[in-house]
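Just the heavy atoms: all of them, side chains too, but no hydrogens, waters or symmetry mates, feed the values below. So you know, we letter chains A, B, ... as the sequences are listed, proteins then strands, and number each from 1.
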Number of protein chains: 2
Amino acid sequence: MAHGTTLHPTLSIGQVAERTGVATSALRYWEELGLITSDRTTGNQRRYDRATIRRVSFIRAAQRVGLSLDEIATALARLPQSRTPTAGDWARLSRSWRRRLDEQIHSIERLRDQLDSCIGCGCLSLRTCALSNPDDTLAARGPGPVLLEP
Amino acid sequence: MAHGTTLHPTLSIGQVAERTGVATSALRYWEELGLITSDRTTGNQRRYDRATIRRVSFIRAAQRVGLSLDEIATALARLPQSRTPTAGDWARLSRSWRRRLDEQIHSIERLRDQLDSCIGCGCLSLRTCALSNPDDTLAARGPGPVLLEP
DNA sequence: GTCAGGCTTCAGGTGGAGTTCAAGTTGTGA
DNA sequence: TCACAACTTGAACTCCACCTGAAGCCTGAC
């Protein structure tokens with residue numbers, strides 16, 4: 001419609017790899033799993049939308065947070081692959097991820113604070129820190145995850 | 001020396017599994033890797049120190065934060081396996097983990113904020129959020145990781 | 001037109017983190 | 001004392017997330 005640069009300036013897989021830092025093999029793999037999509041040239045080469053770069057970066061970020069490709073795929077599948085954005089869907093997805101992210105943050109903070117407190121008391125509690133948590137107190141609480149678990 | 005309960009009330013692998021939520025197969029695997037240790041009964045069955053429960057929980061927590069068993073093993077190897085605590089060693093280890101944990105937290109917060117901002121602007125930026133980040137702005141910055149990367 | 005270099009598919013390999021299996025041994029409550 | 005659950009080992013197997021290599025096709029600069 002408008003003049004100037006094309007609306008879908010297609011990128012080769014190599015260009016996407018270079019710009020995102022994700023290997024081409026990984027991009028093909030992700031495409032196979034349905035996390036990203038591509039058009040093909042008449043010669044069967046992949047051409048990606050510029051928006052794919054954001055998507056790819058997003059996937060990487062989500063991965064680093066501990067989400068599996070499956071989970072990410074499920075989440076992304078609800079997003080505007082084709083047409084209607086459905087801001088409601090987006091908000092719902094976003095909320096559920098947010099919960100997960102918050103949990104993750106708390107989990108890490110807990111671990112960090114544990115470390116801090118151990119430095120603080122100088123007792124190297126990993127073995128037996130009677131001050132912060134005597135063994136017997138733990139034992140009395142019966143089976144199940146202990147301490148660092150949520 | 002003292003009377004009363006033994007100082008090292010040994011737990012079977014099944015008990016440790018039950019109390020930590022970690023499968024026995026995983027516990028054996030971790031032991032093989034040197035992350036935990038055990039005594040043996042005359043009949044060759046493993047017996048764990050109660051402190052192992054804390055150690056196991058710690059390992060799980062560290063794993064959830066994205067550390068590999070190798071990294072965890074390296075870290076734990078510096079801890080009082082046998083004798084002198086060396087509070088200095090502990091502090092050093094702890095500091096390096098702390099840095100890592102802080103980075104992790106920031107990484108997650110970044111992802112979370114991205115989600116929030118996308119809800120905020122209602123533009124579903126994963127495709128093309130012109131408001132928060134027009135494609136051209138990104139394209140002009142040349143190759144390399146974009147946006148969500150640190 | 002030609003040719004390097006980027007792209008294609010497909011098969012097979014890798015590494016991390018376990019799980020499962022089989023066959024045999026130990027521990028314990030009745 | 002005996003049954004039976006829990007334990008032992010080693011090897012093989014699984015799953016995930018890719019990576020590597022081979023053999024051949026596309027594309028763009030000269």
J.: B:T52 side chain to B:Y48 main-chain N or O, any donor-acceptor pair under 3.5 Å?
T.: no

J.: Starting from C1' on D:dA5, measure out to CD on B:E18 and report it in whole angstrom.
T.: 14 Å

J.: Check whether any side-chain N or O of B:R55 sits under 3.5 Å from a backbone N or O of B:L35 as a donor-acceptor pair, and report yes or no.
T.: yes

J.: How long is the line joining CZ of A:R46 and P of D:dC26, in whole Å?
T.: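 Interatomic distance, CZ of A:R46 to P of D:dC26: 14 Å.
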
J.: Taking A:V16's backbone N and O only, do any of them form a donor-acceptor pair with A:T20's side chain (distance below 3.5 Å, no angle check)?
T.: yes

J.: Quickly work out the B:I13 CD1 to C:dG27 P distance and round it to whole Å.
T.: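 Atom CD1 in B:I13 sits about 15 Å away from atom P in C:dG27.
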
J.: Provide, to the nearest angstrom, the distance between the CZ atom belonging to B:R40 and the P atom belonging to C:dT25.
T.: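 Distance, rounded to whole Å: 16 Å.
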
J.: Would you say A:R47 reaches D:dT27's phosphate, i.e. side-chain N/O to OP1/OP2 under 4.0 Å?
T.: no

J.: Mind calculating the distance between CD (A:Q45) and C1' (D:dC25) to the nearest angstrom?
T.: 8 Å

J.: Does B:R64 offer a backbone N or O that forms a donor-acceptor pair with the side chain of A:Q104 under 3.5 Å?
T.: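 It does hold such a pair.
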
J.: Enumerate the protein-to-nucleotides 17-21 of chain D contacts in which both atoms are nitrogen or oxygen and the separation is below 3.5 Å.
T.:
{"from": "D:dA17", "atom 1": "OP1", "to": "A:L69", "atom 2": "N", "distance (Å)": "3.1"}
{"from": "D:dC18", "atom 1": "OP2", "to": "A:W30", "atom 2": "NE1", "distance (Å)": "3.3"}
{"from": "D:dC18", "atom 1": "OP2", "to": "A:Q63", "atom 2": "NE2", "distance (Å)": "2.5"}
{"from": "D:dC19", "atom 1": "OP2", "to": "A:S25", "atom 2": "OG", "distance (Å)": "2.5"}

J.: Between D:dC25 atom C1' and A:N44 atom CG, what is the distance in whole Å?
T.: 9 Å

J.: Any donor and acceptor pair, going by atom type alone, linking the side chain of A:S107 with main-chain N or O of A:E103 inside 3.5 Å?
T.: no

J.: Send over the distance from A:D39 CG to C:dC7 C1', rounded to a whole Å.
T.: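 That distance rounds to 16 Å.
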
J.: Does B:S12 place a side-chain N or O at less than 4.0 Å from the phosphate oxygens OP1/OP2 of D:dA6?
T.: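 The answer is no; no side-chain N or O of B:S12 sits under 4.0 Å from OP1 or OP2.
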
J.: Can you measure A:Q15 atom CD to C:dG5 atom C1' for me and round it to whole angstrom units?
T.: 14 Å

J.: Taking A:R46 as the fixed residue, which of A:I13, A:L27, A:T41, A:I36 is the one that meets the side-chain contact (heavy atoms from CB on, under 4.5 Å) rule?
T.: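 Filter result, single survivor: A:I13.
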
